[in-house]
Amino acid sequence: VLARAPEGSPEAGWGWIHRAWAARFARQPEEATEALARARQCFAALDDRRGLASVADLERRERAARGDAAALQEPLGSEAPADGDPAEWRGPWERLTAHYGHFGAADRLGQPEAALRALYRALAAARDTGHAAAQANTLAMLGAKHADVGDLEPAARWCSEALQHSASLC
């Protein structure tokens with residue numbers, strides 16, 4: 001993406017976000033930080049709030065992974081325009097990945113209630129995508145988390161629904 005994208009374009013900004021994700025998974029924090037800075041610079045110059053929000057999501061995820069519990073308290077869409085509703089100005093896939101990030105951080109920090117809240121928000125976003133695989137994955141995560149905390153009735157219900165969505169993919 002970055003090789004084909006004009007410098008300073010929205011495509012370049014999203015390319016830098018993808019580069020940050022790749023560096024994060026490769027455990028290269030300096031490269032991830034540099035890529036996020038480049039994405040932030042690009043989106044700021046374009047006044048692209050969706051792009052800036054995605055940069056902030058990944059920055060929050062990184063801070064939470066390092067043990068910053070306060071990062072979990074920052075609401076999704078805190079970068080929104082004052083009159084903006086995150087459900088309206090961010091797409092369902094962006095919301096889904098942001099909620100997955102909140103879930104992962106809360107789960108790592110041993111905050112099961114916060115993890116469940118993030119998964120319920122992720123489920124709403126997954127349903128908004130209309131994509132059966134996204135819904136099946138989120139439902140399975142929700143069922144597994146309920147099982148982790150000993151809530152077996154909702155765990156069975158969510159896992160059963162996940163199975164139904166998964167079967168529709170075959």
When hydrophobic residues are tied together by side-chain contacts of less than 4.5 Å, even through go-betweens, does [X] share a cluster with [Y]?
X      : Y      : answer
Trp93  : Leu139 : yes
Met141 : Tyr120 : yes
Val149 : Leu142 : yes
Leu163 : Leu123 : no
Leu36  : Phe25  : yes

Separation between [atom1] of [X] and [atom2] of [Y], rounded to the nearest 0.5 Å:
X      : Y      : atom1 : atom2 : result
Arg4   : Ser9   : CZ    : OG    : 11.0 Å
Cys159 : His146 : SG    : NE2   : 10.0 Å
Asp128 : Leu96  : CG    : CG    : 10.0 Å

Which pair of heavy atoms, one from [X] and one from [Y], lies closest together, and at what distance?
X      : Y      : value
His165 : Ala132 : CB-O, 3.8 Å
Pro112 : Gly110 : CD-O, 3.2 Å
Arg24  : Ala32  : N-CB, 4.0 Å
Ala115 : Ala106 : N-CB, 3.5 Å
Ala126 : Gln135 : O-CG, 3.4 Å
Ala147 : Ala155 : N-CB, 3.6 Å

- Query: Does the pair Glu113/Lys145 count as a salt bridge with the N-to-O cut at 4.0 Å?
  - Reply: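 No salt bridge links Glu113 with Lys145.
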- Query: Side chains of Asp57 and Tyr100: donor-acceptor distance under 3.5 Å anywhere?
  - Reply: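 Side-chain D/A pair, Asp57 to Tyr100: absent.
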- Phe43 ring center near Trp14 ring center (under 6.0 Å):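 Yes, they do, as the ring centres are separated by less than 6.0 Å.
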Contact between [X] and [Y] at the side-chain level, heavy atoms closer than 4.5 Å - yes or no?
X      : Y      : result
Arg38  : Arg19  : no
Phe103 : Arg117 : no
Gln41  : Trp16  : no
Leu46  : Pro10  : yes

Determine whether a donor-acceptor pair (N or O, by modelled atom type, separation under 3.5 Å) exists between the side chain of [X] and the backbone of [Y].
X      : Y      : result
Asp48  : Gly51  : yes
Thr138 : Ala134 : yes
Ser160 : Arg157 : no

- Just do the salt bridge (charged side-chain N to carboxylate O under 4.0 Å, His left out) check on Glu59 and Arg40 with the steps written out, would you? CA-CA 10 Å; Glu59 289 170 340; Arg40 180 176 288 288; 2.5 Å; yes
- Does the pair Arg95 and Thr129 meet the rule for a side-chain contact (heavy atoms from CB on, under 4.5 Å), with working shown? CA-CA 10 Å; Arg95 294 191 326 270; Thr129 70; over 6 Å; no
- Would you check, one step at a time, whether the test side-chain contact (heavy atoms from CB on, under 4.5 Å) holds for Leu58 with Trp21? CA-CA 8 Å; Leu58 190 48; Trp21 274 104; 3.9 Å; yes
